[in-house]
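So the structure is just underneath, and the comments pick up after that.
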Amino acid sequence: MEQSSLQKLTYNPSEMEKKALSLWQKEGVYKYDKNRSRQETFSIDTPPPTVSGSLHLGHMFSYSQTDVIARYQRMKGMNVFYPMGWDDNGLPTERRVQNVYGIQCSLEIPYDPAYQATKKEGKKNLKAEDISRENFIEVCNELTLEDEKVFKNLFMNLGLSVDWNLEYSTINDLSRKIAQRSFLDLFEKKLAYTQEAPIMWDLDFKTAVAQAEGEDREIAGHYYDIEFAVSSGKSENENDAKFTISTTRPELLMGCVAVVAHPDDERYKSFFGKKAKTPLFNVEVPILPALHADPEKGTGILMVCTFGDANDVDWWKQQKNLPLRQVFDAAGHIESIEFGTEKFPSLDAVKANKYMEELKGLYMKAAAKKIVEFLQAENLLKGEIRPTKRFAKFYEKGQRPLEYLSSRQWFVRLLHQKEEFLNRGKEISWLPEHMKNRFDNWVKGLSADWCIGRQRFFGVPFPVWYPIDGEGKVQYHKPIVASQEDLPLDPLNSVPVGYTESQRNEKNGFKADTDVMDTWATSSLTPQIGGRWGEEGSYFENIYPFDFRPQSHEIIRTWAFYTVAKSHFHEDKLPWRNIAISGWILDPDRKKMSKSKGNVVTPEKYLEDYGADAFRYWALRAKLGVDTAFDENQFKIGRKLCNKIFNATKFVLMQLENATSKVGYDVEKIVVGTDRLWLDELSFCIEDATKAFEKFDYSSALMRIESTFWNFCDYYIELVKVRSYQGQQEEKVSAEESLKYSLDVFNRLFAPFMPFLMEEIFHWRQEFLSETFDVPSIHLMKWPLSEEREMQDYSFDLIKEISSAIRAQKTKEQKGMKTEVSLLKLALLKNEIPSFELAREDLMSSGGVKKVELSEAKSLEERKIEVTLLG
RNA sequence: GGGCGUUUAGCUCAGCUGGUAGAGCGCUACCCUUACAAGGUAGAUGUCGGCGGUUCGAUCCCGUCAACGCCCACCA
């Protein structure tokens, strides 16, 4: 308690961060109490970050924004449910595991409980070892655990007030169990169904992809003008009418099932009802009218192949009688097609099969080249090959354009409930409001049910088997689903009720579903996973529907939408009341930061250089939903504010070393007018900050608190510092109590924003002021309330004026001189004499002032208060 | 083509229901002078993207155009 010990202190963020972190952990400051009621609970549906690669600035930015809200709610006395999940389920992890351990998943191999994976550490060209899916998942779990530790550390250092007891990963037993439970519920409600249908397919990952995971990219291609003929039923006929089709996909020619033109197109009207003959393969296909054919584009007539693009799929689905002709396999090789069969008829099967001989097994690109050569040889390629740019759908993480492939998949019905989803969107409070448009747009544009199956390994297996009949045919239309008690399970290692392991893949036996679920099928259940939905000891009812869901805008169509859909299906409720969309961090040129552009800034360095509190300041100055250009300056400003708070607090504590009373504060003893004015200012600040926080507008709250704090330093401290240690007793006490009160208020107001520094100051108060508290941390203190009493009728500007004047005089070293305080806009003049008298008394007792007079002037506005300072 | 957002001082951004603009950084000048030089004091800086309209009055409301960004659709 010696003065020197205070004086020596310098702002050292990393030291106080360490201290605070261990205190929080030791005291369980952020622990969620599952026994408290729903009304007393504020629940947050935290986004589980993808655990691959590293956390970037954008994460730190948006997670800080959620944390400040969590901290405010906690100080309001709420029981905060603030979990953290890791999204480790999915492709990126799977690929890494394959590389790191040199293993791959085989669906044929049984589970080996004794299996231990070893990292291959530099050994190259090892043949990948085959292991079972369940073993593979175990290895994935091991690897992601390491990443999760790194992430957790970084989040802790940022000061997130997460309850780490509520940590989960999207592939752990609980998540798998709940994802499977969700599936069973959807199945029971007839919302999940399996069907053979064309789906978007990634050739490299060899998996189905959902509508929401596609993105458009521009690719280079070529137009080929190919000559077709109207068929007369013979393979060769000089007199057949000819027409030309422009296509960019000649390799799909074998899959052509129809030729279409716009119904009003005069050029082709007479062809409708007739058949066309495909070049090379001589397959007869109907010529039909179709509205999606645009007479302006190409030659106005086009081939429908199963399948070249979404149009083909849509149109094909509407036509009931068209065949399906799949020409390439799951890896993008041309299938071995036999012409002259029922599925692939031809007017000249011999010739067609001769061409096929050379095409089969080729990758599509090579096949296209070959076909073009054949066409040239037969003089069926008309005009020039014209280069073009076109947009194609890609899987977000993929390298090659998506293809449409027909396969059996599990779907979740969405299309029948678009209206309901739109209504759900209306019930949610969107922050900022306009983000709702993205949700609406997406729902309105939905064109396919949700394909939830993925032909991958690291994911949640479908708890499903299919019976095999006496002829060895798999009865896909009669799925056998697992029962609740057995979850989580992998059907590859479990047996359905009524069967034995020996019947696996046998006649009259069963076959396991080999697919896993889409990542979103699990992550759309974060509210259920967080609340341990359907589990013993579940506290789902105490947190659901959640109060707050933070997330970024690019996943409104996926995560937000799917979460709403699942909640709607399972509970017939909204998953959360408020959704807050954070903005993006852009690089200084206002471009989105992305790995491919090489403009990504990693957070570790800034966190270390400026300290977590300064780092948070940068994130918390930004409003929700607003993209922010990265600017290192903002860290400096945060650092400066932290330093100022540190020094000002230190100074006030030093002023109070000889205080009359050190135990707490007594507002009753704050009697001097300027002190009371200052209390009013603090009250207004608390009121405004609270209002802002209630609207989740933490950045306005911060701005308000920050500016009040600067006023405190620049004007109020200036005004009272002399009086607070050498004034008359009553006035001295008034200043002391007011300073203690201010310290307390700022300590609490800044706590959600700068948790580390505020924790430190909280302990200074105990050490140097001998204050005692019944909680171990500032973060368990209550948010301050504004005082309910009558406010003065003149404003804080008065304090500013006097204080500036005093400082100006000191600077000039002209003590004892008169100084003038301009009160042009002060409320004082509205209510002239009585208020002036009141102000005069206050000023006289505020310290350093010798004389206060009202100047003579012709008009009211020109009158000034003249203050004479002590010599 | 449809939808959404952004555009305010050199930079990053505030600006609540319409009353001729604010902060911080940067800049200029002065100051180790006071708890804090990671300070302080005093200052300069804007056709509030363009053009129309409503209004006594528009950064704010309406229309329109432009630039930038995002989402969706189309792409034979």
Side-chain angles (χ1 to χ4, degrees), chain A residues 6-7 9-11 211 215-216 218-219 221 223-226 245-250 252 256 259-261 290 292-294 297-305 308-312 388-393 432-447 553-554 556-557 583-584 586 588-592 610 614 618 621-623 625-634 636-655 688 691-692 695 697 699-700 703-704 706-707 710 713-714 717-718 721-722 804 806-808 810-813:
Chain A
L6 256 176
Q7 210 155 25
L9 294 174
T10 52
Y11 181 48
Q211 186 187 354
E215 67 181 27
D216 284 337
E218 196 174 40
I219 55 167
Y223 273 121
Y224 302 92
D225 293 341
I226 302 175
I245 285 178
S246 277
T247 181
T248 54
R249 304 291 305 274
L252 297 177
C256 183
V259 164
V260 300
H292 72 271
D294 180 353
K297 273 184 190 159
T299 55
I301 188 160
L302 55 137
M303 58 179 190
V304 174
C305 302
D309 61 31
N311 265 333
D312 283 356
T388 175
K389 297 240 156 140
R390 63 189 183 100
F391 282 92
K393 275 262 182 275
E433 220 169 313
H434 69 256
M435 290 294 178
K436 178 174 172 291
N437 293 317
R438 306 220 179 178
F439 180 88
D440 289 352
N441 280 345
W442 178 253
V443 174
K444 285 178 193 157
L446 272 176
S447 61
H553 47 71
E554 79 277 16
I556 289 175
R557 63 176 181 162
W584 277 345
L586 308 172
D589 300 327
R590 298 205 71 83
K591 293 272 180 297
K592 191 190 168 188
Y610 294 98
W618 160 74
R621 278 302 297 250
K623 293 184 114 53
V626 178
D627 294 345
T628 307
F630 178 68
D631 178 11
E632 192 174 342
N633 255 323
Q634 295 300 317
K636 292 189 181 151
I637 298 165
R639 177 64 183 249
K640 192 180 131 184
L641 175 61
C642 289
N643 197 53
K644 187 76 182 180
I645 296 172
F646 185 95
N647 283 315
T649 307
K650 194 171 95 176
F651 175 66
V652 169
L653 288 172
M654 281 160 60
Q655 289 290 108
D688 291 346
K691 268 186 207 153
K695 290 186 277 183
D697 185 2
S699 70
S700 297
M703 260 186 289
R704 183 67 172 91
E706 184 183 357
S707 82
W710 282 104
C713 296
D714 294 345
I717 293 182
E718 284 301 327
K721 66 185 182 189
V722 176
S804 297
I806 293 171
R807 189 155 43 209
K810 283 184 180 170
T811 309
K812 288 176 201 149
E813 286 184 283

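If you're wondering where the values come from, they're calculated on a predicted model, not measured in any experiment. Chain letters run A, B, ... following the sequence lines, proteins first, then strands; residues in each count from 1.
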Inset, instruction - For A:K389 and A:E218, indicate whether the former's side chain and the latter's backbone hold a donor-acceptor pair under 3.5 Å. - result: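 No.
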Legend entry - Under the side chain to side chain contact (heavy atoms under 4.5 Å, CB included) test, residues paired with A:A692 that sit two or more places apart: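 For A:A692 the side chain to side chain contact (heavy atoms under 4.5 Å, CB included) partners, ignoring immediate neighbours, are A:D697, A:S700, A:A701.
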Legend entry - With A:Y11 via side chain to side chain contact (heavy atoms under 4.5 Å, CB included) - residues at least two apart: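 Applying side chain to side chain contact (heavy atoms under 4.5 Å, CB included) to A:Y11 gives A:P13, A:M16, A:D613, A:R639, A:C642, A:N643, A:F646, A:L757.
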With [atom1] as the reference atom in both, quote the distance from [N] to [M] in angstrom, rounded to an integer.
{"N": "B:A37", "M": "B:U45", "atom1": "C1'", "value": "25 Å"}
{"N": "B:C25", "M": "B:G39", "atom1": "P", "value": "8 Å"}
{"N": "B:A21", "M": "B:U12", "atom1": "P", "value": "23 Å"}
{"N": "B:C60", "M": "B:G15", "atom1": "C1'", "value": "9 Å"}
{"N": "B:G40", "M": "B:G26", "atom1": "P", "value": "12 Å"}
{"N": "B:C16", "M": "B:G49", "atom1": "P", "value": "14 Å"}

Applying a 4.0 Å non-hydrogen cut-off, can you work out what [X] is touching in the nucleic acid: base, sugar-phosphate, or nothing?
{"X": "A:D312", "result": "nothing"}
{"X": "A:Y223", "result": "sugar-phosphate"}
{"X": "A:D440", "result": "nothing"}
{"X": "A:K644", "result": "base"}
{"X": "A:W710", "result": "sugar-phosphate"}

Legend entry - Between A:W584 and A:E554, a side-chain donor and acceptor under 3.5 Å: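 There is such a pair between these side chains.
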Inset, instruction - Convert the base pairs of RNA chain B into dot-bracket notation, remembering that pairs crossing earlier ones are written with [ ] and that bases paired across to another strand are shown as |; include only Watson-Crick or G-U pairs under 3.5 Å. - result: (((((((..((((.....[..)))).(((((.......))))).....(((((..]....))))))))))))....
Legend entry - Side-chain ion pair, A:E433 and A:K436, N-O less than 4.0 Å: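 Answer for the salt bridge query: no.
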Identify the pairs formed between an N or O of the protein and an N or O of nucleotides 9-11 of chain B at a distance under 3.5 Å, and give each distance.
none

Inset, instruction - Please name all residues satisfying ring pair (Phe, Tyr, Trp, His ring centres under 6.0 Å) with A:Y223, sequence neighbours left out, ordered by chain then number. - result: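 None.
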Under 3.5 Å, which N/O atoms of the protein pair with N/O atoms of nucleotides 13-17 of chain B?
{"unit_1": "B:C13", "atom_1": "OP1", "unit_2": "A:A629", "atom_2": "N", "d": "2.8"}
{"unit_1": "B:C13", "atom_1": "OP2", "unit_2": "A:R590", "atom_2": "NH1", "d": "3.4"}

Inset, instruction - Report yes if a side-chain nitrogen or oxygen of A:K393 is closer than 4.0 Å to either non-bridging phosphate oxygen (OP1 or OP2) of B:C72; otherwise report no. - result: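 For B:C72, OP1/OP2 do not have a side-chain N/O of A:K393 under 4.0 Å.
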